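This report concerns only the one structure given below.
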Amino acid sequence: MLLKKLYTLVFLRTDTAILLGLKKRGFGCNKWNGFGGKIEPKETVIEAALRELYEECCVTVKPENLQSIGQLEFTFEGDPMMMDVRVFSATVFEGTPIETEEMNPKWFPYDQIPFKDMWLDDALWFPYMLKGQPFYGKFHYQGFDKILHYSVEELDSM
Ligand SMILES: Cc1cc(-c2ccco2)c2oc(N)nc2c1
């Protein structure tokens, strides 16, 4: 029986670049990713996304400026845990990203996204996010550096 755990990922964007953070510890350490993490029991997905973003790079986004852009489901060979990741993007935000204990933030022009230093699935669904096309992706990993099978589909809306 699969155990499902909810996570958030937030990507800040300008018309020329996307903000990624280098994870400094824990799960996904040394990979560039969006900002996010677990959802606490008594908070909404939006509240969790905004809390994690602020905790990880000290940037604030108003709930109305957070765009729900996708959903990712990750499963792992031999493990009942399924990670249900809600992906958001924002182009309107307050504050300048700064390094925290968790993340080292950096702006990447869209033609310089460091996919070789990111989760393998990112190259498969980033094109949808960068076009503003809502998506639903499912990835079945063997360990953390091999995808056994996957699917990504466009959604009419998120
Ligand atoms: C297996 C996996 C997990 C995550 C994750 C953990 C917490 C939030 O996201 C990923 O994030 C990305 N971009 N690929 C990912 C693959």
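Only this structure's heavy atoms are used, side chains among them; waters, hydrogens and symmetry mates stay out. Since this is a predicted model, take the numbers as computed values, not measurements. Numbering of ligands and ligand atoms starts at 1, following listing order.
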ask   = Hey, what do you get for CD (Glu47) to NZ (Lys42), rounding to the nearest 0.5 Å?
value =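 If we round to the nearest 0.5 Å, Glu47:CD and Lys42:NZ are 9.0 Å apart.
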key: Met82 side, atom CE; Lys5 side, atom NZ - distance, nearest 0.5 Å   = 13.0 Å
request  = Take Phe144 and Phe27, measure what ring pair (Phe, Tyr, Trp, His ring centres under 6.0 Å) needs, and give me the verdict at the end.
outcome  = CA-CA 10 Å; Phe144 294 134; Phe27 190 77; 5.5 Å; yes
key: Partners passing salt bridge (Lys or Arg N to Asp or Glu O under 4.0 Å) against Asp84 (at least two apart in sequence or in another chain)   = Lys4, Arg86
key: Residues forming a salt bridge (Lys or Arg N to Asp or Glu O under 4.0 Å) with Glu43, sequence neighbours excluded   = Arg51
Only pairs under 3.5 Å count here: list side-chain donor-acceptor contacts from residues 113-124, not counting sequence neighbours, and write none if there are none.
unit_1 : atom_1 : unit_2 : atom_2 : d
Asp121 : OD1    : Tyr141 : OH     : 2.5
Asp121 : OD2    : Trp125 : NE1    : 2.7

ask   = How would you list, by chain and number, the residues with a heavy atom under 4.0 angstrom from ligand 1?
value =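 Close residues (ligand 1, cut-off 4.0 Å): Tyr7, Leu9, Phe27, Asn33, Phe74, Phe76, Met83, Trp119, Asp121, Asp122, Trp125.
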